[in-house]
Amino acid sequence: MKQVRSFWKKLRIVVIPGLVLFIAIQFVRPSQDNPPVTADLQAPPQVKTILRRACYDCHSNETKLAWFDQPAPAYWLVVQDVKAARAVLNFSHFDSLPKGVQAAKLFECIMQVEQEAMPLSQYTLLHHGGKISAEELAVLKQYAVTIGYHAKPDTGRARALAEQFAQWTAATTATTATPISAAPAAASIADEHDGISYSPLANFSNWRAVSTTERFDNGTFRLILGNDITIKAIREGHTNPWPDGATFAKVAWDQLPDSAGEINAGAFKQVEFMIRDSKKYASTFGWGWARWVGGLAMKPYGKDASFVAECMNCHRPVKKFDYTFTIPVADTLALYDQATSLPDSIGAHPLTGKVITTIVNTREGTMSTLYGNDVAVHSSRTGLPYAAGSAVTLLTWSQRDDTHWFGGRIPKGLLSVETISFNAAGTPAYTRYEGSPLAKKVPPAGFVAQRLQYITAKKASIMPRQ
């Protein structure tokens, strides 16, 4: 009997203060307002029904709290989550955003769902209506494609490229006689980006290619370049996690489509950097983040910590890939490594060549990247014909959807390797490899002439060094 009384006594000592504390914290209630809906999402009913059911509780001004959301401390967490969610995306203001931003937001939403980052697991645990089925996801994708970028000839983009290219080549002509690998970087940008200086990164245009992406969500091309540590990690298979010192430069251009279904790189838009340092950037997933925008003006994007938060929110879904979206083209290395007759000295290998430009053929479903040796790269970046000693290589892949980002297409299987070398007299010699494993082909003379003209006419993609 004494034991029973002792048990209840101890229970009262614990339960009564706990109950008092629970009641007391119910009076600590941060404001959870629903401001007016000013520009709600305009979309087909089927699309809006899915988003309203699965997303609006957090990502709109129409938050509806369930009874189990009301008691503190659960209420505190809900209020915090809603505030953070609205800051990232608020469907109640969606229609006030520029059309391109609307498309970008929706494509990112789909990526978050595909990577199982959204809706949050703690939300769907009790809010079962927040789950999005595969069929519903397909509906959202179909709608997103309709509001995304649709490639078509654009005289405005062509004019912007011509003006920017003339400005860029004029600025680099002074170093025409100097090999690109030896030329000093131009005066560095004085501005720092959240503590990251541009100066040590200014030579990114001479880094090696990691992969390319055709972004059909926003009409850009993305070229991902890596410093020596990054390339070494790829070759050795040490990419998850990436080693400290690995640095990515993600360069973006406008797409410039023509009437024949080919898309070339247009005007330079921006460059983003990810710098791996697990200790220095421990609080930001082990990566430093920076972005310079504004074309050749190169101004830092974002003036406060919100920029880094924006980067982290976007990259959070790919945590299992060390927060990186990029899938290196190393998955096709086996195909062209077998072509031992291709000398690395002319940049036949994507991880050794320097990038001149990148191209997509929408009718054939292929993407190509043109690489060159130092002489060729320097010629192309000054807007001059290829000088004697130049050597270029065009690699063409089939495409596949980017499994890490809905709205992107990346290289799949290597289809061909074409090389052009210029002798001391400046005469070009063309060689072609096809198949798996790659084998040398002897095409007819007419085909060779056509390819020589096509490849040598490609202008370099603009990659500022200052």
Side-chain angles (χ1 to χ4, degrees), residues 41 43 46-60 63-64 66 68-69 74 77-78 80-91 94 102-145 147-148 211 213 215-218 222 224 239-242 248 250 274 276 283-287 289 308-328 331 400-410 412:
L41 166 75
Q46 190 177 11
V47 171
K48 195 162 182 177
T49 297
I50 296 168
L51 294 176
R52 181 175 289 279
R53 190 201 74 240
C55 308
Y56 268 52
D57 273 353
C58 294
H59 291 279
S60 80
T63 300
K64 297 176 181 178
F68 46 77
D69 294 323
L77 298 176
V78 169
Q80 182 179 351
D81 284 347
V82 170
K83 182 179 179 180
R86 287 176 177 176
V88 174
L89 171 64
N90 190 332
F91 284 111
F94 195 81
Q102 291 184 28
K105 291 285 188 181
L106 187 54
F107 274 86
E108 184 178 342
C109 286
I110 293 170
M111 177 275 293
Q112 297 268 358
V113 173
E114 280 197 310
Q115 299 299 327
E116 300 180 347
M118 284 288 167
L120 296 175
S121 57
Q122 62 264 34
Y123 176 79
T124 56
L125 182 65
L126 294 176
H127 302 80
H128 301 300
K131 296 180 180 179
I132 297 177
S133 68
E135 293 76 15
E136 291 172 328
L137 187 59
V139 171
L140 296 180
K141 285 184 174 183
Q142 186 177 21
Y143 173 65
V145 170
I147 66 171
S211 189
T213 307
R215 290 282 297 273
F216 62 87
D217 57 341
N218 61 17
R222 305 295 172 107
I224 297 87
T239 61
N240 195 5
W242 292 89
F248 292 97
K250 182 167 63 176
M274 288 180 64
R276 178 69 178 178
S283 63
T284 55
F285 301 153
W287 293 93
W289 314 83
V308 175
E310 179 183 330
C311 294
M312 293 170 64
N313 286 335
C314 183
H315 285 255
R316 194 185 307 273
V318 285
K319 177 181 178 180
K320 59 186 175 184
F321 304 110
D322 198 16
Y323 301 99
T324 58
F325 286 100
T326 299
I327 302 173
D331 61 355
R400 65 175 176 178
D401 289 333
D402 189 341
T403 55
H404 293 174
W405 184 276
F406 174 65
R409 300 186 185 98
I410 59 176
K412 185 181 179 183

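- Between the CG atom in Leu140 and the SG atom in Cys109 there is a gap of 9.0 Å [rounded to 0.5 Å].
- Side-chain atoms of Asp322 come within 3.5 Å of backbone atoms of Trp242 as a donor-acceptor pair (strictly under, hydrogens ignored).
- To the nearest 0.5 Å, atoms OG1 (Thr326) and CD1 (Ile410) are separated by 9.0 Å.
- You'll find the ring centres of Phe321 and His404 inside the 6.0 Å limit.
- Between the Thr213 side chain and the Arg409 main chain, no donor and acceptor come within less than 3.5 Å of each other.
- Taking 4.5 Å as the limit, some side-chain heavy atom of Pro241 sits within range of a side-chain heavy atom of Arg276.
- Relative orientation of the Phe285 and Trp289 rings is perpendicular, given thresholds of 30° and 60° on the angle between their planes.
- Judged by distance alone, with hydrogens and angles left aside, the side-chain atoms of Gln46 form no donor-acceptor pair with the main-chain N or O of Glu136 at under 3.5 Å.
- Using the six-membered ring where Trp is involved, Phe248 and Trp287 have ring planes that are tilted, between 30° and 60° apart.
- The distance from atom CG of Asp217 to atom CE of Met111, rounded to the nearest 0.5 Å, is 10.0 Å.
- Nearest heavy-atom pair, Asn240 versus Lys320, reported as atom, atom and distance to 0.1 Å: ND2-O, 2.7 Å.
- Under the 3.5 Å distance criterion, the side-chain polar atoms of Lys48 are matched with a main-chain donor or acceptor of Leu41.
- Taking both residues in full, the closest heavy atoms of Ile327 and Asp402 are given as CD1-OD1, 4.1 Å, listed atom of the first, atom of the second, then distance.
- A donor-acceptor pair under 3.5 Å links the side-chain atoms of Arg86 to the main chain of Ser60, judged by distance alone.
- The CD1 atom of Ile132 sits 10.5 Å away from atom CE of Met118, with the distance rounded to the nearest 0.5 Å.
- Phe406 and Phe107 have parallel rings, their planes meeting at less than 30° on a 0 to 90° scale where 60° marks the start of perpendicular.
- The backbone N or O of Asn313 sits less than 3.5 Å from a side-chain atom of Gln112, completing a donor-acceptor pair.
- A distance-only check finds a donor-acceptor pair linking the side chain of Lys105 to the backbone of Val88 [under 3.5 Å].
- Between Gln115 and Thr403, the shortest heavy-atom distance links the atoms NE2-O, 3.0 Å.
- Atom CD of Glu108 sits about 4.5 Å away from atom CH2 of Trp405, to the nearest 0.5 Å.
- Within the 3.5 Å criterion, the main-chain N or O of Ala85 finds a donor-acceptor partner in the side chain of His59.
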